[in-house]
Amino acid sequence: MNMPQSYQTDLEVILEFLEEHCRQETRGQWENGKKLRLFHFLFEMLEDPGMAHCLSWVPASVGVFRFSSTYKEHVAALWGQRKGNRRPMTYQKMSRALRNYTRSGEIIKVRKKLTYQFSGATLTTLRSQQRMKNT
DNA sequence: TTGGCTGGGAATGAAG
DNA sequence: ACTTCATTCCCAGCCA
């Protein structure tokens, strides 16, 4: 129990770091040890039946999903809360982030109103991560 | 014509 | 210091 002062403060620093890390985990900013990305969040929402009135898969088209016109702002607001942004998230801004995925090809825009599509690769990694969770 | 979506440049922020 | 991803702002085009 008799430790040098410097050793104790090092421990305190480490504990402080871990506590902050845990706080971020519970705030949902981390997923599988990696930073939470927008498409992870959207996938989560899509797999949640309680969110079907906000956004849902388009039947018979793999990886295609669509926001509801009336609740799209709700999804955006939730996303903003999850990230802990200073200013409230809006659909306008969230869709801008969605457009950034065009470069990386993780999500592409479908020529239909409020609808987008996960790439095959993105979809398979998301589904495998989802498997990990339920075990 | 107008409002709702869409597209994207550019600057800034957050975090590793 | 540099990259990645997201946020914020803003403007312009399209179309029902």
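Just so we're clear, the structure is a prediction, and the values are computed from it rather than from any experiment. Numbers restart at 1 for each chain; the letters A, B, ... are given by sequence-line order, proteins then strands. In what follows, every heavy atom counts, from backbone to side chain, and hydrogens, waters and symmetry copies are set aside.
Side chain of Lys72(A) to main chain of Cys54(A): no donor-acceptor pair is present (N/O by atom type, distance under 3.5 Å, no hydrogens or angles). Judged by distance alone, with hydrogens and angles left aside, the side-chain atoms of Thr102(A) form no donor-acceptor pair with the main-chain N or O of Asn100(A) at under 3.5 Å. The closest donor-acceptor contact from the side chain of Gln29(A) to the backbone of Lys35(A) lies at 3.5 Å or more, if one exists at all. Put simply, the side chain of Lys93(A) gets close to the backbone of Pro88(A): a donor and an acceptor are under 3.5 Å apart.
Within the model, atoms CZ of Arg111(A) and NZ of Lys109(A) stand 10.0 Å from one another, a figure rounded to the nearest 0.5 Å.
In this structure, Met89(A) atom CE and dG13(B) atom P are separated by 15 Å, rounded to whole Å. When rounded to the nearest whole Å, the span between CZ of Arg86(A) and P of dC9(C) equals 13 Å. Lys93(A) has its NZ atom 13 Å from the P atom of dA14(B), to the nearest Å. Taking atom CG of residue Asn85(A) and atom P of nucleotide dC9(C), one finds them 11 Å apart after rounding to whole Å. dA6(C) atom C1' lies 12 Å from atom CD of Gln29(A), rounded to whole Å. When rounded to the nearest whole Å, the span between CZ of Arg37(A) and C1' of dA14(B) equals 14 Å. Put simply, NZ on Lys35(A) is 10 Å from C1' on dT4(C), counting in whole angstrom units.
No side-chain donor from either of Thr90(A) and Gln92(A) sits under 3.5 Å from a side-chain acceptor of the other.
In this structure, Gln92(A) and Trp79(A) both approach DNA chain C, and ranking their closest nucleotides by distance from the 5' end singles out Trp79(A).
Atom CZ of Phe41(A) sits in a crowded spot, with more than 12 heavy atoms from other residues, nucleotides or ligands closer than 6.0 Å.
By the 30° and 60° cut-offs, the orientation of the rings of Tyr116(A) relative to Phe67(A) is perpendicular.
The side-chain heavy atoms of Lys112(A) and Val64(A), taken from C-beta on, include no pair separated by under 4.5 Å. Side chains of Thr122(A) and Phe43(A) form no contact here, defined as non-hydrogen atoms less than 4.5 Å apart. Within the 4.5 Å cutoff, no side-chain heavy atoms of Lys83(A) are placed close to those of Met89(A).
Comparing the start and finish of the helix from dT2(B)-dA16(C) to dG16(B)-dC2(C), five pairs each, the helix axis swings through 10°, to the nearest 10 degrees.
Using a 4.0 Å cutoff on non-hydrogen atoms, the parts of residues 94-115 of chain A near DNA chain B are Arg96(A), Arg99(A), Lys109(A), Lys112(A), Lys113(A), Leu114(A), ordered by number. The stretch residues 51-74 of chain A comes close to DNA chain B through Ser69(A), Lys72(A), each having a heavy atom under 4.0 Å from the strand.
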